[in-house]
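What follows is one structure encoded as structure tokens, with my remarks underneath.
Just so it is clear, the structure is predicted and the values come from calculations on it, not from any experiment. To find a chain, count down the sequence lines: A is the first, B the second, and so on, and within it residues start at 1.
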Amino acid sequence: MKSVSEQIDLLLRGAAQVISNEDLKKKLSKNIPLRIKLGVDPTAPDLHLGHTVALAKLRQFQDLGHTAVLIIGDFTSMIGDPTGRSTTRPPLSREAILANAKTYQDQAFKVLSHDRLEVVFNGEWFGKMSFAEVIRLSSRVSISQMMQRRDFKERLQAGTDIRHHETVYPIMQGWDSVMVRADVELGGTDQLFNILVGRDLQKDEGQEQQVAMLLPILEGLDGTQKMSKSLGNYIGVTETPSDIFGKAMSISDDLMWRWYILLFGKSEQEISQLKNGHPMEAKKSLAQALVERFHDSEKARQARTDFEQKFSKRDVSSADLPALTAAASITALDLVMSTGKIASRGEARRLIQQGGVELAGQKLADPQASLTPKTGDVLKIGKKLFYRIA
RNA sequence: GGGUAGGUACCGAAGUGGCCAAACGGGGCAGACUGUAAAUCUGCUGGCUUUACGCCUUCGAUGGUUCGAAUCCAUCCCUGCCCA
């Protein structure tokens, strides 16, 4: 096992806040594997890079010899974490939760190691609790304490309703920490309150208190807003190698360094070393590393080669492109529409008129022009869509 | 339950009888420039077509008034705020 200071150096990279550094150091000094808790809500079926920030941190702990305790919130997700929400969220059905949990694990293992891992469902203990126990547990947290949470306070002020069960959520999350005897709990910065409740409850139970390690929110492709599905600025972990690679290449340089730190735990020295080279090289390496993480190294190399051919060398002659069957004689408009990727004929018309469509290297200008596409010709629509005529 | 302000395109927000497919901003898409980056500039951004100031659908819902309605009237649904 690495020395405490080496571990600290690695673990603190990218962390937004740790409560407290001293506690963490003390725990590490015991030189026995720590139990690192990460609770996840199986509410959304697909993970994106934003979700993997905490997973990557958890993996770091695993690599240092600590035990990852992944809590699947099958029970808590029936409530829905109110964190960051301005409205009560609709509960999920049992079946949906279990199906999501399965998908979640499959995807999480692209980042996590199977070694030194425990996966538990919190229904194991919450499902058995009696109402009396629930009341006893609830009595440990005061309402005014609960109302200190920013999202509750704001909702209260804004006059939107807060349902009673939502205030129970932090208590349940805290109780999870007690049940798994967590040494460290990971979470986004918005999880501060919930994780601190865990510390309180552990203290009440006579346990050593967990360290709260908060990780920053990952910015999405646009570089400003948080990565989220609804904003469409995300990279999903199940996306194809070329999509992951291409999307990663489209981010700004500033964002690239953030991703290096948050997703790959790079140190300041490593970053400044990368900054000495060409930024595009650094970005390609990042993109390649991402593909490797979610697929494999062979596919990552392939994605990079394809990308370089398609874009850097602008040579698509040998690249692997989706095939498109076209009639011997067809108008430019119909050819573009036959890809099925363009929403309306009006949009296709606009693309052509604005010079966004090329066939065999020739820009098309007239939507009505009659074309005779040959087998092997490449159709390029906009920046990202490529087809080879079959 | 009472009062009050509202519901407009992906989002925000103008428009209060014809010049409204609906200003403006954001977002998105495309082009130029680049490192297919960012920033910047330009264009586009409901659908269809024979691309025309043509047709169709749209301004919470349904009916109505009118030659003509996002705009006026009626009923209904939903949301915020204040009071109880």
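- Among the candidates Lys37(A), Lys57(A), Arg199(A), the single residue satisfying the salt bridge (charged side-chain N to carboxylate O under 4.0 Å, His left out) test with Glu185(A) is Lys37(A).
- Taking atom P on both nucleotides, A38(B) is separated from U51(B) by 36 Å, rounded to a whole Å.
- Pairing partner, G46(B): C56(B), with both Watson-Crick or wobble hydrogen-bond distances short of 3.5 Å.
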For this session: Produce a footprint string for nucleotides 43-53 of chain B: one letter per nucleotide, 5' end first; B if the base is under 4.0 Å from any protein heavy atom, S if only the sugar-phosphate is, - if neither.
Result: BSS-SSBSB--

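- At distances below 3.5 Å, not a single donor-acceptor pair connects side-chain atoms of His295(A) with backbone N or O atoms of Glu292(A).
- Atoms CG (Asn233(A)) and C1' (C29(B)) sit 16 Å apart, rounded to a whole Å.
- For the pair Leu286(A) CG and G35(B) C1', the interatomic distance rounds to 15 Å; values are reported in whole Å.
- Within the nucleic acid shown, Lys383(A) comes within 4.0 Å of sugar-phosphate atoms alone, with no base atom in reach, counting heavy atoms only.
- Here the P atom of nucleotide C29(B) and the CG atom of Leu221(A) are 10 Å apart, to the nearest Å.
- Side-chain atoms of Asp222(A) and base atoms of G27(B) include no donor and acceptor less than 3.5 Å apart.
- Regarding Leu351(A), its CG atom lies at a distance of 7 Å from the P atom of A30(B), rounded to whole Å.
- Remark: P of C29(B) and NZ of Lys341(A) are 15 Å apart, rounded to the nearest angstrom.
- Residues Leu196(A) and Val211(A) fall into different hydrophobic clusters, defined by Ile, Leu, Val, Met, Phe, Trp and Tyr side chains chained together at heavy-atom separations under 4.5 Å.
- For U4(B), the paired base is G80(B) (Watson-Crick or G-U wobble, both distances below 3.5 Å).
- Taking the six-membered ring for Trp and the full ring otherwise, Phe245(A) and Phe311(A) have centroids separated by 6.0 Å or more.
- Of the candidates Asn122(A), Asp41(A), Asn194(A), Gln173(A) forms a side chain to side chain donor-acceptor pair (under 3.5 Å) with just one, namely Asn194(A).
- Residue-to-nucleotide proximity on RNA chain B shows that, of Gly246(A) and Ile381(A), the 5′-proximal contact is made by Ile381(A).
- Between Trp259(A) and Leu286(A), some side-chain heavy-atom pair lies under the 4.5 Å cut-off.
- For C72(B) and C53(B), the P atoms lie 33 Å apart once the distance is rounded to whole Å.
- Look at the P atom in both C44(B) and A52(B): the space between them is 15 Å, to the nearest Å.
- A distance of about 44 Å separates the P atoms of C41(B) and C73(B), rounded to the whole Å.
- Summarising the base pairing, U66(B) is matched to no nucleotide, lacking a Watson-Crick or G-U wobble pair whose two defining distances lie under 3.5 Å.
- The same atom, C1', is picked in A5(B) and in U57(B); the two are 30 Å apart, to the nearest Å.
- Relative to the six-membered ring of Tyr234(A), Lys247(A) meets both conditions, a distance below 6.0 Å and an angle of at most 45° to the axis.
- Across the P atoms, C59(B) and A21(B) are found 14 Å apart, a figure rounded to whole Å.
- In this structure, Lys363(A) reaches the sugar-phosphate backbone alone: every heavy-atom distance under 4.0 Å involves primed, P, OP1 or OP2 atoms, never a base.
- Across all strands shown, C10(B) forms a Watson-Crick or G-U wobble pair with G26(B), both key distances being under 3.5 Å.
- Nucleic acid contact class of Ile251(A) (heavy atoms, under 4.0 Å, all strands): sugar-phosphate only.
- Taking the ring centre of Phe61(A) as origin, the terminal cationic atom of Arg35(A) falls outside the region bounded by 6.0 Å and 45° from the ring axis.
- C24(B) and C77(B) have their P atoms separated by 37 Å, given to the nearest Å.
- The distance between atom CH2 of Trp259(A) and atom P of A38(B), rounded to the nearest whole Å, is 13 Å.
- The gap from the P atom of U16(B) to that of G64(B) amounts to 26 Å, rounded to the nearest Å.
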